[in-house]
Amino acid sequence: MDCQKCHQRQANVHITQFVNGEKQEVHLCEQCAQAGKIYYPYSQFPIHNLTNLLGFLMQSGGVDKHLPEDKCPNCACDYQKITESGYIGCSACYDHFSTQLEPVLRKIHGTSRHSGKIPKRMGTAFLLKKEVEELKKDLKKAIEYEKYEEAATIRDSIKALEEKIVRGENDD
């Protein structure tokens, strides 16, 4: 799609607005967008190379700039290598560099915990069982860190969900 302003270059800035319930779209090239002082936060976003999305987001802000100098005890990968390549060395790196990785993973996925996809035919009972499993993990952590009030709240949530599963409720 060509730029709607200069009609010479490829449009790579796409702006969609809803004004009075009506959708308005503008498609501009990067030069026209900058000339029109249109702000978009990731001007150097790697459009043609999304394999390094993690590395790009780690370097573009929202992440602690003080890189830890230690290495993963499992694979000896350091944090600098992760930010440059965009690839995590091994599963132990997630735990070892969790304080640096969590904000970036939240920015990309909306959460730092992988949930996967569950087929619709599995039903709500499966989702409830999965939620109970996660709550049980949280309960163990709360007890381990001696957060007993939090543990009691989690325990009550687990009981409520288990009762829902027994009754076969499909509603939230």
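In the model, His96 has a side-chain atom that pairs as donor or acceptor with a side-chain atom of Asp70 under 3.5 Å.
The minimum heavy-atom distance linking Cys3 with Cys32 is given by the pair SG-SG, 3.7 Å. Closest non-hydrogen pair, Leu101 versus Tyr79, comes out as CD2-CE1, 4.3 Å. Shown here for Thr16 and Glu25, the closest heavy-atom pair between the two residues is OG1-CG, 3.8 Å. When every heavy atom of Ala151 is checked against every heavy atom of Ile143, the shortest pair comes out as CB-CG1, 4.0 Å. Of all heavy-atom pairs spanning Met1 and Gln10, the tightest one is N-NE2, 3.0 Å. Counting all heavy atoms, side chain and backbone alike, Lys164 lies closest to Leu128 at CB-CD1, 4.1 Å.
How far CD of Glu131 is from CD1 of Ile165: 9.0 Å, rounded to the nearest 0.5 Å. Distance check, rounded to the nearest 0.5 Å: OH of Tyr145 to NZ of Lys140 gives 14.0 Å. Interatomic distance, Arg9 CZ to Leu28 CG, rounded to the nearest 0.5 Å: 10.5 Å. We find the CG-NE2 distance between Asn12 and His14 to be 6.5 Å, quoted to the nearest 0.5 Å. Between Ile158 atom CD1 and Glu133 atom CD the span is 11.0 Å, to the nearest 0.5 Å.
Glu149 CD: 12 or fewer foreign heavy atoms inside a 6.0 Å radius.
Using modelled atom types, no side-chain atom of His7 and backbone atom of Asp2 make a donor-acceptor pair closer than 3.5 Å.
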* To do: Report the C-alpha distance between Cys77 and Cys90 in whole Å, list the side-chain angles of each, state the deciding distance to 0.1 Å, and finish with yes or no for side-chain contact (heavy atoms from CB on, under 4.5 Å).
  => CA-CA 8 Å; Cys77 180; Cys90 69; over 6 Å; no
* To do: Mind running side-chain contact (heavy atoms from CB on, under 4.5 Å) on Leu135 and Leu139 for me, showing each step along the way?
  => CA-CA 6 Å; Leu135 285 172; Leu139 178 62; over 6 Å; no
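A salt bridge does not link Lys141 to Glu150: none of the charged side-chain nitrogens sits closer than 4.0 Å to a carboxylate oxygen. Ionic pairing of Lys137 and Glu134 is present here: one or more N-O contacts between side-chain nitrogen and carboxylate oxygen are shorter than 4.0 angstrom.
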